[in-house]
Amino acid sequence: MDVSGGSGQPRSGNDEPAEHPAGPTAPATGPTDHPGPGPARPQPPTPGQDRPEPSATPAPAQDTPHPDRPTADDEPARQPETGTRPVTTGTDDTPGTGTPTAPGDSTPQADPHHQAPRPAPHAEHTDHAEHRSLAHSGIAKGAPPRPRPKEPGGGILMGRPFGVPVYVAPSWFLVAALITWVFGGQLDRVLPELGAARYLVSLFFAVAFYASVLVHELAHTVAAIRFKLPVRRIQLQFFGGVSEIEKEAETPGREFVLAFVGPLLSLVLAGLFYLAMKPVEPGTVPGVLLAGLMVSNLIVAIFNLLPGLPLDGGRMLRAVVWKLSGKPMTGTVAAAWVGRALAVSVLIGLPLLNQSGALGGSGEDTGGMDTVTDALLAAILAAIIWTGAGNSLRMARLREHLPELRARTLTRRAVPVETDTPLSEALRRANAAGARALVVVDADGHPLSLVREAAIVGVPEHRRPWVAVSGLAQDLTDGMRVSAELSGEELLDTLRATPATEYLVVEESGEIYGVLSAADVERAFVKAMARPTP
């Protein structure tokens with residue numbers, strides 16, 4: 001099976017609410033235009049202004065909307081989190097994707113340094129007016145460094161063929177026990193002299209079968225590596241295996257090859273087991289094992305070649321429609337609806353075929369329990385195929401709208417302030433400069449921390465002249481410095497690698513561009529996803 005997926009939204013590590021009551025208390029929420037230099041020039045307070053009266057704190061200035069940026073007026077309300085998984089290919093029909101996890105959903109006391117696996121970059125750059133700052137970011141030119149993501153996990157690590165970790169999920173042990181029991185019953189009829197040893201032979205068959213599944217997945221993995229597509233992991237689970245490929249193929253031809261190699265290897269294995277079975281006596285343990293492996297690999301190949309998402313055949317159908325129409329989304333829609341039709345066919349047709357004896361059994365021997373088992377199996381397979389097809393549609397829609405997320409257009413203008421600046425004075429400077437964020441800098445203008453918007457809201461207005469901004473700021477880490485050129489999946493990747501509520505956005509030269517709020521990214525994402533696909 002080959003299931004399309006993509007990157008999810010980043011999650012905010014600090015659970016601090018990004019929205020706050022209206023009033024003259026804090027910079028306004030939402031991205032804003034940068035008419036001129038990124039951060040405003042720091043202005044030392046004149047005598048008598050170090051401790052201004054609370055009534056002197058002005059209301060936040062209203063920014064003029066930039067044509068490339070969403071404003072607070074046209075952004076939808078925040079919605080519950082969603083999340084996505086990377087592109088996956090697998091021999092089973094389990095969906096390998098989910099929906100994206102929304103960024104910036106924050107509450108206090110959450111650890112801002114959780115790490116998540118990063119999706120493959122899919123950058124898109126936009127032209128924008130140049131922003132210069134008198135304060136420097138304190139890092140080298142170019143893209144900021146990013147921390148190494150944690151291992152993806154997902155079960156017991158079995159090895160790293162081709163540098164890709166292979167995990168065995170806990171559910172595999174359940175299906176291995178089930179295969180051992182069922183195949184052991186069949187061996188009792190074919191080789192009754194084995195006695196209890198038949199279960200050892202059945203366990204060997206279960207392990208050998210999943211070794212064949214691993215070969216199927218490695219075929220997808222090798223093809224992905226050949227096309228320079230990053231592979232996150234391979235996981236063997238209840239209904240087969242899943243290869244999590246973090247990026248889609250760039251052309252329909254590569255998409256077709258990437259999907260086809262898995263079933264092709266399963267057919268090759270079935271042929272090899274057939275040839276190995278020829279010189280072996282049919283009524284022996286090796287003969288029974290080889291016959292079982294030949295049939296099981298043949299079933300895996302045929303099932304995955306069915307032309308509906310999320311199966312490999314669905315990926316091949318998507319590639320064909322993509323090639324003919326020139327639009328990957330059109331191919332996804334066609335293959336996903338064929339997949340849903342396939343799910344209905346499995347739900348209705350599989351029990352009927354078993355009852356009619358078309359699958360090798362005798363219709364007269366089918367009892368009540370066998371009928372219930374067939375119906376249950378058909379329902380599980382149909383549900384998995386239907387869900388996987390729906391996930392493929394959601395992932396395609398997500399990938400279509402991801403390039404609309406650009407750090408440069410979502411960034412808020414920032415004002416640099418020194419550590420001992422009173423909050424009321426910092427807000428006065430931000431309002432005067434039309435800024436919506438505060439960056440704490442040292443005497444040389446190097447950024448030290450970001451003043452958290454939620455922390456500003458929590459300070460009563462009459463206390464602000466006596467509260468220093470440094471007490472409300474979160475120290476900057478390398479992962480909280482992001483490039484202004486990031487967009488799409490690469491932007492989400494960077495934010496997800498270091499969850500936080502705010503990020504310092506810098507130019508390639510290292511100069512401060514502004515502050516990016518995870519809540520702004522979330523709202524822009526929800527707005528983009530709500531827009532109908534053309």
Side-chain angles (χ1 to χ4, degrees), residues 1-3 5 85-97 115-120 147-180 183 200-247 249 257-273 276 289-290 292-294 296-297 299-301 304 310 312 315 497:
M1 179 190 73
D2 192 1
V3 182
R85 290 178 55 188
V87 178
T88 62
T89 71
T91 59
D92 63 44
D93 47 356
T94 52
T97 60
Q115 302 243 343
R118 71 180 186 88
R148 178 176 178 153
K150 290 182 179 179
E151 287 291 338
I156 302 173
L157 179 63
M158 302 302 294
R160 296 177 181 273
F162 306 102
V164 177
V166 175
Y167 292 91
V168 174
S171 61
W172 177 85
F173 295 95
L174 178 61
V175 73
L178 181 62
I179 292 174
T180 300
F183 195 70
L200 289 178
V201 178
S202 300
L203 179 61
F204 178 83
F205 170 78
V207 174
F209 170 66
Y210 267 84
S212 302
V213 172
L214 177 59
V215 172
H216 177 114
E217 296 306 320
L218 286 175
H220 290 303
T221 297
V222 171
I225 295 174
R226 175 68 178 81
F227 296 144
K228 295 181 171 49
L229 302 177
V231 183
R232 181 170 174 245
R233 68 177 178 180
I234 296 174
Q235 187 183 49
L236 301 179
Q237 49 188 230
F238 187 89
F239 273 101
V242 175
S243 299
E244 296 186 5
I245 302 172
E246 295 185 329
K247 192 177 178 182
V257 172
L258 186 61
F260 180 61
V261 290
L264 177 63
L265 258 291
S266 293
L267 287 173
V268 170
L269 286 176
L272 291 177
F273 286 126
L289 285 176
L290 290 172
L293 290 172
M294 179 199 70
S296 60
N297 277 277
I299 292 174
V300 166
N304 276 276
D312 292 332
R315 307 298 305 173

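This one's a predicted model, so the numbers in the text were calculated from it and none came from an experiment. In this chain, numbering begins with 1 at the start of the sequence shown.
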Write down the atom of [X], the atom of [Y], and the distance for their closest heavy-atom approach.
X    : Y    : result
L258 : A224 : CD1-N, 3.5 Å
L203 : T180 : CA-OG1, 3.5 Å
N297 : L293 : ND2-O, 2.8 Å
A276 : L290 : O-CD1, 3.5 Å
S266 : A301 : CB-CB, 3.7 Å
W172 : L236 : CB-O, 4.1 Å

Exercise for review: Decide yes or no on side chain to side chain contact (heavy atoms under 4.5 Å, CB included) for H220 and D312, but give the supporting numbers first.
Suggested key: CA-CA 10 Å; H220 290 303; D312 292 332; 3.3 Å; yes
Reported [atom1]-to-[atom2] distance for the pair [X] and [Y], which is rounded to 0.5 angstrom:
X    : Y    : atom1 : atom2 : result
R232 : S243 : CZ    : OG    : 12.5 Å
T221 : H216 : OG1   : NE2   : 10.0 Å
L214 : F209 : CG    : CZ    : 12.0 Å
K228 : K247 : NZ    : NZ    : 11.5 Å
N304 : L264 : CG    : CG    : 12.5 Å
R160 : I234 : CZ    : CD1   : 12.0 Å

Review point. So do P161 and L218 actually touch side chain to side chain, heavy atoms under 4.5 Å?
Key: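 With C-beta onward as the side chain, the pair touches.
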Review point. Is there a side-chain contact between I225 and V164 (heavy atoms, below 4.5 Å)?
Key: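 Answer yes - side chains close enough.
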Review point. Hey, what's the ring geometry for F183 with F205, parallel, tilted or perpendicular (30° and 60° as the breaks)?
Key: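 Correct class here is parallel.
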Check your understanding: Does the side chain of Q237 come under 3.5 Å of the side chain of S171 through a donor N or O and an acceptor N or O?
Key ->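 Short answer, no.
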Check your understanding: A249: what forms a side-chain contact (heavy atoms from CB on, under 4.5 Å) with it, not counting sequence neighbours?
Key ->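 Result, side-chain contact (heavy atoms from CB on, under 4.5 Å) vs A249: L229, R254, E255.
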Practice item. List in chain and number order the residues that pass ring pair (Phe, Tyr, Trp, His ring centres under 6.0 Å) with F273, two or more places apart in sequence or in another chain; answer none if no residue qualifies. Key: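 Partners of F273 by the ring pair (Phe, Tyr, Trp, His ring centres under 6.0 Å) criterion come out as none, since no residue qualifies.
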Practice item. Could you go through the side chain to side chain contact (heavy atoms under 4.5 Å, CB included) check for Y210 and V175 one step at a time? Key: CA-CA 10 Å; Y210 267 84; V175 73; 3.2 Å; yes
